[in-house]
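Notes for the one structure printed next.
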Amino acid sequence: MAEKPRKTVILGGGLTGISAALHLRQPWVLFEREAKLGGLAVSEERDGFHFDLTGHWLHLRDPAIKQLVAEVLPGGMASVQRRARIFSHGVATLYPFQANLFGLPPDVIKECLLGVIEAKMQSAGAPPRNFEEYCLRHFGAGISRHFMIPYNEKLWGVHPHTITADWCSRFVPLPNLEQVVAGAVGADAGRMGYNVEFFYPKQGGIETLARALGGRIQGGEVHLRSNVESVNFRKREVVVAGKRVPYHAVVSTLPLPELLTRMPGLPDDIAAHASRLRCTTLRYLNVATRSPPRADWHWVYLPEKNLPFYRVGIYSNAVASMAPAGAASFYVELADRGPVNDATLADVAQGLARIGAIVAPGDICFADPREIKYAYVVFDEHYSSATTAIFRFLESQAIYSRGRYGAWTYNAMEDCLLAGREVAGSIEAAPGSKTP
Ligand SMILES: Cc1cc2nc3c(=O)[nH]c(=O)nc-3n(C[C@H](O)[C@H](O)[C@H](O)COP(=O)(O)OP(=O)(O)OC[C@H]3O[C@@H](n4cnc5c(N)ncnc54)[C@H](O)[C@@H]3O)c2cc1C
């Protein structure tokens, strides 16, 4: 009897998995552990307050992805001009810090400006070996000391001298000297960064987008509440809930270490590389106030150690439907990776009042702790050799690991939609692939 044709098996139904399913023309089957699609791009609601898994603002640059979003949610996305701030030295300055020193104490501005000028006067020399060296090279000592180093240490959970600068080219704006000087004296330095404008669903949080995209997929099967137990690369089978599913190719969007621990019989060198993959966990709070926020920004960066959070955002300042009328919904990303207790909550409430996000700690009606186990991949000295060897091995087995944690990288939602499109094309272009 002829063997049933093998399908492409998609592991995980976040934006990468959804996009792969949307773009594949060959038959596919998708397994998602949770009860709904969306992965990190889901939202939750409590008492009329809506929250994402911290701020999920959509930045779009690819015309085809822009069109896809417009097609699945016609008229459903708000376009918002970024209002982002940095709070340090008791004042809120404009984002990015390095191009908006105006408003800081004069001695801080002087130190930052002198640092930039010294850095620009130095000859190029050897490439920076780590992110701390990258900051000193591009921004000088002052900006590094007052923002780049302390902020990134809080964000990544490790000191910037232990990570490389491989992740940052698109995400950290590099102003020229004229722009730094303009921003220091209060002249317009120009709007900078990948996130000057963003898009956000008018209703329901970012999950509205994931649902709309998920609603478009066809030509395959979606299985929710389906935990992928193992991937037997020798037999080309995936095991889900005890059932063996043969595959022609796998698109895995599981965090890379989770995929590799599910692959019995890995070659020793790949297992050794896998043991070196590092990632930090994020703890954050969904915070609600019954009163309007004091601040008008969408999010603020907080480099100083004496505040327990490194970034705070106000969903309802971007889209009012994220909270009941006259109220506000916030996300608070905590610097500490340990468990959240009453002392943390009291500290956060006071901190929010201190930075001018809320009027008083008593404004808060609830603060729910949440955790993202895989949040920030650590780009340490093993990163490049480990990922190169692992991906070479996986692709030799027709396993395409994609998405933020599948590709083990730092990226945004649009990158994941693009990755899904790219991997569908790669699979269909591979030798032996038959596209109907
Ligand atoms: C704190 C934070 C803030 C962010 N803010 C933004 C932002 O403002 N803008 C932006 O564009 N991007 C943002 N991102 C990035 C964005 O969330 C990701 O790029 C994107 O959502 C990742 O999609 P993915 O499909 O690759 O992975 P995921 O969303 O992680 O999807 C993987 C899926 O695999 C499933 N899965 C895991 N294990 C199994 C298993 N054993 N069996 C079956 N299924 C399994 C999971 O349930 C999940 O659904 C942020 C990320 C973080 C962490």
Looking at every non-hydrogen atom in both residues, tell me the closest pair between Leu104 and Ile109 and how far apart they are. O-CD1, 3.4 Å
When you measure from the side chain of Ser316 to the backbone N and O of Ser329, does any donor-acceptor pair fall under 3.5 Å? yes
Looking only at heavy atoms, which two atoms of Ile358 and Ala349 are closest? And how far apart? CD1-O, 3.9 Å
Looking at Cys279 and Trp408, what are the two nearest heavy atoms and their distance? CB-CH2, 3.5 Å
Crowded around Gln218 CD? As in, over 12 foreign heavy atoms under 6.0 Å? no
For Thr164 and Asn130: C-alpha separation, side-chain torsions, deciding distance, then whether side chain to side chain donor-acceptor pair (under 3.5 Å) applies. CA-CA 4 Å; Thr164 68; Asn130 56 53; over 6 Å; no
Determine the minimum heavy-atom distance between Ile149 and Pro160, stating which atoms define it. O-CG, 3.7 Å
Flag for Glu258-Tyr405: side-chain donor and acceptor within less than 3.5 Å: no
Below 4.0 angstrom, N of the basic side chain to O of the carboxylate: do Glu414 and Arg421 qualify? no
Heavy atoms of other groups near Arg211 CZ, more than 12 under 6.0 Å: no
Closest non-hydrogen atom pair between Phe391 and Ser401, with its separation: CE2-CB, 3.9 Å
Looking at Thr280 and Tyr376, would you say the former's side chain and the latter's main chain have a donor-acceptor pair under 3.5 Å? yes
N/O donor-acceptor pair under 3.5 Å between Asp380 side chain and Tyr383 backbone: yes
Does a sphere of radius 6.0 Å around CG in Asn306 hold more than 12 heavy atoms from other residues, nucleotides or ligands, not counting ones at 6.0 Å or beyond? yes
Under 6.0 Å between the ring centres of Phe198 and Trp299? yes
Looking only at the side chains, is there a donor atom on one of His138 and Gln98 sitting less than 3.5 Å from an acceptor on the other? no
salt_bridge(Asp415, Arg61) N-O dist < 4.0 Å: yes
Check step by step if ring-ring contact (aromatic ring centres under 6.0 Å, His included) holds for Phe233 and Phe393. CA-CA 11 Å; Phe233 61 92; Phe393 167 73; 5.4 Å; yes
Working to the nearest 0.5 Å, report the span between CG of Leu94 and CZ of Arg82. 9.0 Å
Heavy-atom count around Lys36 NZ within 6.0 Å, excluding the residue itself: above 12? yes
Say whether, by atom type as modelled, one donor and one acceptor occur between the side chain of Arg225 and the main chain of Ala35 under 3.5 angstrom. no
Only one of Leu302, Val287, Asn286, Thr54 passes side chain to side chain contact (heavy atoms under 4.5 Å, CB included) with Val332, and that residue is Val287
Is it true that a side-chain atom of Asn317 and a backbone atom of Ala295 form a donor plus acceptor pair closer than 3.5 Å? yes
Tyr331/Phe51 aromatic ring centres below 6.0 Å: no
Does Asp363 pair with Arg294 as a salt bridge, N-O distance under 4.0 Å? no
Assess the pair Phe97 and Phe139: is the distance between their ring centroids shorter than 6.0 Å? no
Sidechain-backbone polar pair: Thr253 side chain, Ile10 backbone, donor-acceptor under 3.5 Å: no
Checking Thr281 against Glu371: is there a side-chain donor and acceptor pair closer than 3.5 Å? no
Mark yes or no for whether Thr93, through its side chain, and Gly103, through its backbone, hold a donor-acceptor pair below 3.5 Å. no
Side chain of Thr388, backbone of Ala386: donor and acceptor closer than 3.5 Å? no
If you look at every heavy atom in Gly17 and Leu30, which pair is closest and at what distance? O-CD1, 3.8 Å
Could you verify whether a donor N or O on one side chain and an acceptor N or O on the other, from Thr344 and Asn341, lie under 3.5 Å apart? yes
Is the Lys NZ or Arg CZ of Arg46 less than 6.0 Å from the centre of Phe366's six-membered ring, within 45° of the axis? yes
Would you find a donor on one side and an acceptor on the other, under 3.5 Å apart, between the side chain of His298 and the backbone of Arg83? yes
Full working for ring-ring contact (aromatic ring centres under 6.0 Å, His included) between Trp156 and Tyr410: CA-CA 11 Å; Trp156 294 94; Tyr410 179 65; 5.3 Å; yes
Carefully, step by step, assess Leu73 and Gln203 under the rule side-chain contact (heavy atoms from CB on, under 4.5 Å). CA-CA 11 Å; Leu73 275 179; Gln203 302 286 335; over 6 Å; no
Test item: Glu132 side-chain N/O and His161 main-chain N/O as donor-acceptor pair under 3.5 Å: no
